[in-house]
Amino acid sequence: MVAGLLLLALLTGLLGLVLVVSARRIPADAITVVDRLDSVLPHTQCGRCGYSGCRPYAAAIAAGEADINQCPPGGDEVIVALSQLLGRPAKALDESFGLAGPPIVAVVDEDICIGCARCLDACPVDAILGAAKFSHTVIENECTGCELCIPACPVDCITVTENTSQLDARAAH
Amino acid sequence: MTDLVLIIIATVLVNNLVLTKFLGLCPLLGASTKFETAVGMSLATTFVLTLAAAGSYLVDRYVLVPLDIEYLRLISFIVIIAAAVQFTDTVMRRSSPMLHQVLGLFVPLITTNCAVLGIALLNVQRSVSFLQAVAYGIGGGLGFSLVMVLFSGVRERLDFADVPTPFRGTAIALVTAGMMALGFIGFTGLVQE
Amino acid sequence: MSNGRTSNQALPLPAWGVRLESRKIAAETGPINKMPPPGELIVALKQNVGVPAEPIVQPGDRVLKGQPIATAPRWGLGVAVHAPTSGTVTALEERPIPGAGGGTGESVVIEPDSKEERYAGYVAQPNPLGLSPPQIRNDITEAGIVGLGGALFPTATKLNPGSGIQALILNGVECEPYISADNALLIERSDQVLLGAAVMLRALDCDECLVAVKADMAEARAAVQEAIDALGDDRISMVVVPAFYPAGGERQLIELITGKEVQAGGLPWDVGVVCQNVGTVAAVAKFFGAGEPLISRIVTVTGNGVGAPANVEVMIGTPIGDLVEFAGGYTDAAAGLVMGGPMMGFSLPHDQLPVTKATNCILVADQAELDPSVREMPCIRCGECARACPATLMPQQLLALARGPDYAALESQGLQDCIECGCCDYVCPSYIPLTSRFIEAKQGLWENHLVAQRSERALHRYEARGKRLERRERDRSNELQRQVDEIGAAGEIDAEALRQLKQRVKSKKPGDNT
Amino acid sequence: MKFANNAAPHWRGAESVPVLMRQVLYALVPALIGLVWFFGSGIILNILVAAVVALGCEALVLRIRKRPVGLFISDYSALVTAVLLAMSLPPLTPWWVTATGTVFAIVFAKHLYGGLGHNVFNPAMAGYAVLLVSFPEDMAAWPLPRGVAPDQQALSLLTVLQYWATGAMPIDVSVDAFTAATPLNSVKGQLGMMRTMQEIVGGPLFGNIAGRGWEWINTATALGGGWLLYRRIIRWQIPTAMLIGLLVPALVLYIVDPATHPSPAFHLLSGGTMLGVFFIATDPVSAAASNRGRLIYGLGIGIITYVVRNWGAYPDGIAFAVLLMNLAVPLIDRYTRPRIYGHGT
C-alpha cells in the first residue's frame with residue numbers, strides 16, 4: 001500500500017520533471033497567434049471593435065475575449081479570413097460595432113479649417129498634412145477612413161466621402 | 001512479426017476505434033473542419049495513444065502487477081496519459097501556436113478521449129508482449145488519423161456543396177460519419193481475432 | 001525545330017483544346033475587298049490597353065492620308081495614330097468606342113474628302129534591310145504598328161528583346177471559327193508578309209523564321225509555300241499546326257511548335273522566341289515598302305446576319321454600321337453583333353462604334369449562331385473542362401472555389417493563369433458560364449489584393465507614427481530634464497520648486513501624450 | 001438596331017447532362033437483357049419499384065427545397081441511380097427492400113448533400129450497402145440461373161409477383177429449391193470448407209470461366225460500357241485502373257496458389273465487376289477530379305474490391321470499395337492537381 005503510493009508519487013514526480021525540462025527546452029515559433037490574426041485586419045486603427053487598435057483586438061481574439069465579427073471596416077472578408085485562421089464558422093458582422101460600407105476617406109473643408117492641428121494627432125496613420133495656423137488637407141491615398149479625426153475637429157470641418165481612388169484604379173486596370 | 005502487422009491492420013480497418021467502437025467521436029466532429037487542423041489533431045492523438053499504450057503496459061507489467069497494487073491501475077494510467085498530453089500541448093504551443101489556438105481545448109481533452117484510456121485498459125487484457133501493446137497503440141492512432149483526415153477532406157468539400165440549411169454543419173457531418181462507418185463495414189472479417 | 005525544314009505534315013494534336021467547326025465562309029467567297037472611305041471616320045486615341053495617344057491636330061485642320069494625328073506617350077504602351085485618309089478634322093471629342101465596357105473614349109473625327117491625298121512625311125525605304133535594328137524599331141513605333149492578332153502590344157517593344165532569340169514565329173493560325181482575315185492575307189499577299197519577316201529578322205538579329213499556318217488552310221499553305229520558294233531565303237520555313245482551338249494563342253502556339261512553356265509572368269523571349277501576327281508583319285512591310293503607316297486593316301465581316309460575308313480592307317475609324325453595309329448589309333436574321341470570334345469576341349450593343357486596330361472580325365450572328373439559351377445545371381465534375389483547358393487548370397475546382405469565394409485557394413490554383421479562351425464553357429455539359437465566372441472572380445481577387453495592400457500600408461504608417469511619437473516624447477522629456485538640471489545647477493530656485501519640477505519629469509511616462 | 005448582349009464564348013458544343021444520362025441508360029440495356037435471360041423478369045420489377053420511388057423522392061425533396069422540380073426530374077440522374085441499384089439487387093427482392101435502398105440512395109446519399117453534383121458518395125452504392133447490412137438474407141438469395149439443371153423449371157410470374165409483394169413463396173414452393181448462393185459467395189463458402197478451386201468450379205453453378213450466366217451478363221455489361229467509352233461519355237482512366245487494381249493482385253495470388261484463389265478471369269466476369277468498372281466507379285460526381293486522381297481512385301476501388309472478395313466477410317466488395325474511395329476523393333484531389341501551365345517544369 002505505502003510502497004504503491006510512494007511509487008505512484010515517484011512516477012508522477014518523474015513525469016513532472018520531464019515536463020518541466022521539456023517546456024524550457026523546446027524552441028518557440030517566432031510568429032505568434034496575435035501576429036497572424038493582426039495580419040488580416042484592415043489596420044484602420046479605428047477602434048470600433050472596442051479596442052484601442054487592430055493589434056489589441058487581435059490579442060483579444062486570441063485570448064478568447066473578443067469575437068471575430070467586431071470589425072466593421074474589414075467587413076465579411078476579414079471575418080472570413082479570421083474564421084479560416086481559427087477554424088471557426090464565419091458569422092455575420094455584429095452591427096452593434098458599426099456597419100460595413102464602401103471604403104471612405106476623410107475630407108477637410110479648407111474654407112472652415114482653422115488650422116488647429118488637433119486632427120493631426122488624432123490620425124493613426126499620419127494621413128493629414130498641415131501645421132498650426134495653416135489649413136490642413138487629407139492624403140486621400142493614405143487615409144483609412146477610420147473617422148477618428150472627426151470628433152477631434154473643434155469646428156467640424158471634416159466629413160467623409162466614398163473613396164473613389166480605388167474605383168479609378170480599377171478602371172485603369 | 002506477422003501478428004504485429006495483423007494487429008495494426010485489424011485496429012486500423014476492421015475494429016476502427018472511431019467507426020466500429022465509437023470512441024473519440026468528440027474530436028472527430030470538433031477538430032475536423034479543416035484538413036490542416038485534422039492532421040495536427042491526428043498527429044497529437046497518435047503520439048499520445050502510442051505513448052500511453054506503451055507506458056501503461058510497462059507500468060502495469062513491471063510495477064503494478066509485481067507489487068500487487070492493480071487497484072491503482074486507473075489512476076496511474078491517467079497520470080501517464082495526462083503527462084503525455086501535457087507534453088504534446090507544450091510542444092504544440094511552442095512550435096505551431098496557430099494550430100494550438102485553433103485546436104484550443106481539444107488538445108487537453110485528449111486526456112479524457114475515451115479512445116486513449118480505452119486502448120490502455122484493453123491492452124492490459126489482450127497484450128502478451130510489449131511490442132503488441134505498442135502495435136495496438138500505433139494501430140489505434142493510425143485508425144483514428146485515417147478517419148480524421150478522410151473526414152476533414154469530405155467536410156472541406158461540403159463547404160462548397162448546396163447542403164440543405166437544416167443539415168449544414170454537424171448534422172451533415174454525422175450523416176457522413178455514418179456513411180464512413182457503412183464503408184468500413186466492408187472490411188468485416190479481414191482479420192480473425 | 002532549327003533544321004529549317006518545310007513540312008506539310010501537321011504537328012500532333014496536344015492534350016488540351018477543342019475542335020471547332022471552322023465556318024470560314026467569308027474567305028472562300030473571294031478576294032479581299034477594299035472599302036472606300038465612309039462618310040465619317042472616328043479614330044479613337046486609345047487603341048489598346050495602353051495610355052491614350054496625345055492629339056496633335058485641332059478641329060478644322062485638314063489632314064492628309066497617313067499624317068500623324070496623335071503621338072504615342074513615352075510610357076504606358078500607348079500607340080501613335082494617323083489619319084486614315086485625307087479630309088478635315090471635324091471634332092475632337094468623346095465617342096463610344098468598342099471594348100470600353102460600353103464606355104466612350106476621346107476620338108479624332110475626320111470627314112474624308114475622297115481625294116486620298118497622301119502625306120509626304122513617310123516614303124518607301126529602298127533598302128529596309130540596310131537599316132539598323134534601332135532604326136527599324138523607331139520607324140515601326142512611328143508607324144503606330146501594334147500586334148494585330150488581338151493583344152495590340154506595341155510591335156517595336158516586342159522586337160527589342162535583347163540577344164538570344166532563336167526563332168521568329170509568324171502566327172497565321174486563326175483558330176477561332178469564322179475569322180479568316182489572316183487566311184485571306186496569306187493567300188493574296190504572302191510576299192508582303194515575307195518581306196516584313198525579313199525586316200523583323202534583321203531587327204531581332206535572328207536566323208530562323210517559322211510561318212505557322214493551320215492544317216485546314218490549304219490555299220493559304222500553298223500560297224505561303226510558293227512565296228517561300230520564290231524568295232529563296234532558307235531562313236524562312238513553314239510549319240503546319242493542327243486545326244483546333246486555341247492553337248493560335250501565343251503561348252499555346254509556342255508550346256505546340258517548340259515544346260517550351262513560357263513561365264507565368266514571363267514573356268515569349270524568355271524561351272528565345274518572338275511571335276508576331278502575320279497581319280502585323282504585313283503592316284511593317286507596308287510601311288517600309290510603301291511608306292504607309294497603320295491606317296487600315298483586314299476585317300472579316302461574316303455570320304448569317306450579313307448579306308455578303310467577305311474580308312474587307314477597311315480604314316481604322318470606319319463605323320461598323322458602314323462596314324456591314326459595305327458587306328451586303330444586315331439580313332432579317334441578324335440578332336447579335338460580336339467583335340471577334342464566337343469564342344472570345346464580345347457583344348457590341350450597337351453598330352455606331354468604329355473599327356479599331358484590334359478589330360479582326362465583325363460577326364453578325366443569327367439566333368442559332370449565338371449562345372443557345374440553355375438552363376445552367378450544377379457541375380457534375382465530369383472533368384471535360386480540365387481536359388480542354390490550355391492552361392492545364394481545373395475549372396471545375398475553380399468554379400467551386402469561386403462560389404465561396406475563397407481567394408487564397410483561387411490564387412494558388414491558378415485563377416490568374418486563366419486565358420479566358422472559353423474552351424471550358426464549350427465542353428461543359430451543364431452549360432455553366434465558367435469563363436464569365438472566372439473573369440468576375442479575377443476582378444474580386446484583384447480588389448482583394450488592393451485591400452490587402454492598403455491594409456499593409458496603413459499598418460506601416462501606423463507603426464511609423466508610433467515610432468515618431470515615441471521619439472518626440474523622448475526628446476521632450478530629455479529637454480525637460482536638461483532644463484531641470486540647468487536650473488538646479490544655477491541654484492536660482494528654491495528646493496521645494498525644484499522637487500516639484502523633478503516630480504513632473506518623473507511622472508511623465510513615454511507615450512503619455514498629455 | 002439593338003443587338004443581344006451575351007458574354008463570351010458564344011458557342012457551346014457539349015451534349016447536355018440529361019443527354020449524357022440517357023446514354024448511360026441505353027448502355028445498360030445489354031446487361032438488362034442478360035439478367036432477364038438468365039434470372040427471369042424479377043429484375044424488371046426491381047427497376048420499376050426503384051424508378052418510381054426514386055422519381056417520387058426526387059420530386060418531393062426538390063419541392064421541399066423549392067428547387068425547379070421539372071428541370072432536375074428531367075435530368076435522368078435519379079433514374080440512373082435507381083436503375084443501377086435495381087440491377088445490383090437479386091431479381092427476387094421484396095418491394096420494400098428495393099424501396100428502402102432507393103429512398104436511402106436518393107434522400108440521404110444524394111439530396112442531403114445538395115442534390116445533383118454535390119453528393120460525396122455514390123448514391124446507388126450507398127443504398128446497396130445499406131441493404132447489404134440491413135437485409136443480408138434477401139441480398140444473398142439469387143434465383144438459379146438458366147441452365148443449371150436440365151430439368152430446371154422457371155419460377156412462374158405469379159410466384160415471383162407473390163414473393164415480390166409479400167416476401168414469401170406460396171406454401172407449396174420452397175425458396176431454397178429456386179435460389180442459390182452467387183458464385184462468389186459459393187466460392188467463399190467452399191474455400192472455407194477447405195475445398196480447392198478445381199473442385200468448386202466443377203459444380204453446376206459454374207460455367208466455362210466464371211459463374212453460369214454471370215459470365216455472359218458481365219460480357220453484355222462490358223459491351224454497353226465499351227459503347228460509353230466509344231461515345232466518350234466515360235473516359236478510360238477509371239475503368240482501366242480499376243481493372244488493374246482488381247486483376248493484378250488476383251493474378252499474383254493465382255500464380256502463387258491456384259488451388260485456393262479464383263483466376264483473374266473468374267474475377268473479371270464475376271459479380272458486379274463490369275457494372276462496377278463501367279457504370280458505378282465512373283460516376284463523375286463522386287469520383288476524383290483529375291486524370292491522375294482518377295487513376296488512383298480506380299486503382300483503389302479495384303484493390304479494395306479484391307481484398308474484400310478474398311479476405312473479407314462479404315462475397316463482393318464493389319459497393320464498399322466505391323464508398324471508401326469516395327471518402328478518399330477530397331484527399332486524392334488535394335494531391336493530384338495537375339501542374340499549371342507556366343508554373344515550374
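Here the structure is a predicted model, which means the values were calculated and not measured. Chain letters run A, B, ... following the sequence lines, proteins first and then strands; every chain starts at 1.
T221(D) and N218(D) form no side-chain donor-acceptor contact under 3.5 Å, judged by distance and modelled atom types alone. Between the side chains of E261(C) and H343(D), not a single donor N or O lies within less than 3.5 Å of an accepting N or O. With hydrogens and angles left out, the side-chain atoms of T435(C) and D425(C) include a donor and acceptor closer than 3.5 Å.
Within the 4.5 angstrom heavy-atom criterion, only backbone atoms of L348(C) (N, CA, C, O) approach chain D. The contact between L20(D) and chain C is made entirely by side chain atoms (from C-beta outward), counting heavy-atom distances below 4.5 Å. Contacts of R387(C) with chain D are made by side-chain atoms alone, with heavy-atom separations under 4.5 Å and no backbone atom involved. For Q413(C), the parts lying under 4.5 angstrom from a heavy atom of chain D are both the backbone and the side chain. Heavy atoms of V18(C) lying under 4.5 Å from chain D are absent altogether. Of the two parts of N119(D), neither the backbone nor the side chain holds a non-hydrogen atom closer than 4.5 Å to a non-hydrogen atom of chain C. Contacts between Q397(C) and chain D at a heavy-atom distance below 4.5 Å involve the side chain alone, from C-beta outward. Only the side chain of M377(C) comes within contact range of chain D, with heavy atoms under 4.5 Å apart. Only the side chain of D333(D) comes within contact range of chain C, with at least one heavy atom under 4.5 Å from a heavy atom of that chain.
Counting heavy-atom pairs closer than 4.5 Å to chain D, the top-ranked of the candidates Q352(C), R251(C), E420(C) is R251(C). Heavy-atom pairs under 4.5 Å with chain C were tallied for R235(D), R337(D), R232(D); the largest tally goes to R235(D). Options C379(C), A391(C), G422(C) differ in how many heavy-atom pairs under 4.5 Å they form with chain D, and the most are formed by A391(C). Interface summary for chain C: among A289(D), A287(D), P338(D), the most heavy-atom pairs under 4.5 angstrom belong to A289(D). The candidate with the highest count of non-hydrogen atom pairs below 4.5 Å against chain D, out of G414(C), G345(C), S436(C), is G345(C). Comparing P284(D), G114(D), S290(D) by heavy-atom pairs within less than 4.5 Å of chain C, the highest count is held by P284(D).
No donor-acceptor pair closer than 3.5 Å links the side chain of S22(C) to the backbone N or O of P177(C). Side-chain atoms of R12(D) come within 3.5 Å of backbone N or O of I432(C) as a donor-acceptor pair.
Here the closest non-hydrogen pair linking L445(C) and Y407(C) is N-CE2, 3.3 Å. Contact detail for M343(C) and A8(D): the closest heavy-atom pair is O-CB, 3.4 Å.
Under a cut-off of 6.0 angstrom, the local environment of OH in Y341(D) is crowded, with over 12 non-hydrogen atoms contributed by other residues, nucleotides or ligands. In the displayed structure, Y76(D) atom OH is contacted under 6.0 Å by at most 12 heavy atoms of other residues, nucleotides or ligands.
In this pair, Y330(C) and F3(D) present their aromatic rings tilted. The plane angle is within the 30 to 60° band.
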